[in-house]
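Since the structure comes first, as structure tokens, the remarks are kept for the end.
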Amino acid sequence: MDKIKAQSIIEAVLFAMGDSVEISKLAHVLEMEPKEIRELIAQMNIKYEGEERGIYILELEDSFQLCTKPDLYEYLIKIAKAPRKYVLSDTLLETLSIIAYKQPVTRLEIEKIRGVSCDHAVNKLLEFGLIQELGRLDAPGRPLLFGTTEEFLRTFGVKSLGDLPVLNPEQVEDFKHQAEEELQIKLDI
């Protein structure tokens, strides 16, 4: 298959799916190696940029998604209604951080770290599409396991979980101390 045809197929698949598509699926459809797919997509992005097109192909972990260039967002808002905005409170951010760094993680593990119930926070994060259920832990009660989503990666501008900032041990101890103080304040009330 020639390069132009392969790029047309990639563009059509990514456009039609509207969401990210795993590179393994693209490789299977095109009967090509993932390395070749990556090269084609890189060439497509160079072409889009050179022609000042309004789209680009975003890489998220081992998936690709056709997206609108961020600097054109203001024009989209004029046409479509504004996207849903959500406010991430400190509680939601803390819970999301625990899930991002510890995933897959159960509610009980989150509650052990935070020292308080996390039902509301987990439900809100599920509603916002920032976390998802990953299955069940093979333990008594078969608790649900949670992890982050591609929406999490997009929202926080990281390509993969490996790009998250590394916490040093001093920061972890500081976070634990803050959580213990919060818990003590709540207990005193």
Side-chain angles (χ1 to χ4, degrees), residues 6-7 9-30 32-49 53-73 76 83-107 109-110 113-114 118 121-122 124-137 144-172 175:
Q7 288 177 331
I9 293 168
I10 291 169
E11 188 174 61
V13 168
L14 295 179
F15 175 78
M17 296 307 294
D19 209 349
S20 65
V21 177
E22 294 174 8
I23 193 167
S24 60
K25 290 182 181 177
L26 291 171
H28 175 73
V29 167
L30 292 166
M32 300 174 96
E33 293 297 317
K35 179 182 176 189
E36 294 173 286
I37 303 291
R38 285 185 194 283
E39 290 170 5
L40 289 172
I41 289 173
Q43 292 167 4
M44 291 168 72
N45 272 331
I46 290 169
K47 183 178 177 185
Y48 293 154
E49 188 63 39
R53 304 269 301 272
I55 57 174
Y56 73 108
I57 300 174
L58 174 67
E59 182 175 358
L60 298 164
E61 296 260 329
D62 285 328
S63 299
F64 292 93
Q65 182 172 358
L66 188 63
C67 297
T68 305
K69 286 185 178 174
D71 58 324
L72 301 177
Y73 184 70
L76 296 176
R84 179 177 77 183
K85 296 249 181 188
Y86 39 78
V87 177
L88 295 177
S89 65
D90 288 347
T91 300
L92 292 180
L93 283 171
E94 289 170 8
T95 305
L96 184 57
S97 297
I98 292 166
I99 294 168
Y101 282 97
K102 296 282 190 180
Q103 63 185 302
V105 63
T106 65
R107 284 182 201 255
E109 291 170 310
I110 298 166
I113 294 169
R114 290 207 63 243
C118 67
V122 168
K124 274 295 188 196
L125 293 170
L126 284 166
E127 179 185 326
F128 293 155
L130 296 173
I131 65 170
Q132 64 187 342
E133 295 175 0
L134 298 177
R136 293 190 174 272
L137 184 64
L144 287 169
L145 292 167
F146 297 97
T148 55
T149 62
E150 286 181 353
E151 182 61 27
F152 167 82
L153 297 175
R154 274 190 286 282
T155 300
F156 290 94
V158 293
K159 287 185 178 182
S160 73
L161 295 174
D163 293 341
L164 290 174
V166 177
L167 297 176
N168 67 42
E170 292 155 7
Q171 286 174 310
V172 173
F175 292 150

When you compare the side chain of [Y] with that of [X], does any pair of heavy atoms fall below 4.5 Å?
X	Y	value
Ile10	Leu14	yes
Glu59	Ile41	no
Leu161	Phe152	yes
Lys124	Thr91	no
Ile55	Phe15	no

Charged N to carboxylate O below 4.0 Å: is that the case for Lys25 and Asp62? no

Please enumerate all residues that pass salt bridge (charged side-chain N to carboxylate O under 4.0 Å, His left out) together with Glu61, with sequence neighbours excluded. none

Tell me every residue that passes side chain to side chain donor-acceptor pair (under 3.5 Å) with [X], counting only those two or more places apart in sequence or in another chain.
X	result
Thr155	Tyr86, Glu151
Glu109	Thr106
Glu49	Lys69
Glu39	none

So how far is it from [X] [atom1] to [Y] [atom2], rounded to the nearest 0.5 Å?
X	Y	atom1	atom2	result
Gln103	Leu134	CD	CG	6.5 Å
Glu36	Leu26	CD	CG	12.5 Å
Leu96	Phe128	CG	CZ	11.0 Å
Cys67	Leu72	SG	CG	12.0 Å

So, for [X] and [Y], which heavy atoms are closest and what is the spacing to 0.1 Å?
X	Y	result
Gln132	Thr148	NE2-O, 3.4 Å
Leu40	Ala6	CD1-CB, 3.7 Å
Leu125	Ile99	CD1-CD1, 4.3 Å

Return the set of residues passing side chain to side chain contact (heavy atoms under 4.5 Å, CB included) with [X] (not counting sequence neighbours), or none when no residue passes.
X	answer
Lys47	Glu51
Ser24	Glu22
Glu150	Asp19, Ser20, Leu60, Ser63, Arg154
Ala12	none

In a check of side-chain contact (heavy atoms from CB on, under 4.5 Å) between Ile131 and each of Leu126, Thr95, Val105, which one passes? Leu126

side-chain contact (heavy atoms from CB on, under 4.5 Å) between Lys102 and Ile113: does it pass, once the steps are laid out? CA-CA 10 Å; Lys102 296 282 190 180; Ile113 294 169; 4.1 Å; yes

Across all chains, not counting sequence neighbours, the ring pair (Phe, Tyr, Trp, His ring centres under 6.0 Å) partners of Tyr48 are none

Partner residues of Tyr56 under the ring pair (Phe, Tyr, Trp, His ring centres under 6.0 Å) criterion, sequence neighbours left out: none

For a side-chain contact (heavy atoms from CB on, under 4.5 Å) check, start with the C-alpha distance between Leu88 and Leu130, then their side-chain angles and the critical distance, and finish with the verdict. CA-CA 11 Å; Leu88 295 177; Leu130 296 173; 4.0 Å; yes

Under a 3.5 Å distance rule, please check whether Thr149 uses its side chain to pair with a backbone N or O of Gly129 as donor and acceptor. yes

Does the Gln65 side chain pair with the main chain of Gly18, one donor and one acceptor, at a distance under 3.5 Å? yes

Report the C-alpha separation of Ile23 and Phe64 in whole Å, then their side-chain angles, then the decisive distance to 0.1 Å, and conclude whether the side-chain contact (heavy atoms from CB on, under 4.5 Å) test is met. CA-CA 7 Å; Ile23 193 167; Phe64 292 93; 3.7 Å; yes

side-chain contact (heavy atoms from CB on, under 4.5 Å), that's the test. Do Glu133 and Phe146 meet it? Break it down for me. CA-CA 5 Å; Glu133 295 175 0; Phe146 297 97; 3.7 Å; yes

Would one find more than 12 heavy atoms of other residues, nucleotides or ligands at under 6.0 Å from atom CG of Asp90? no

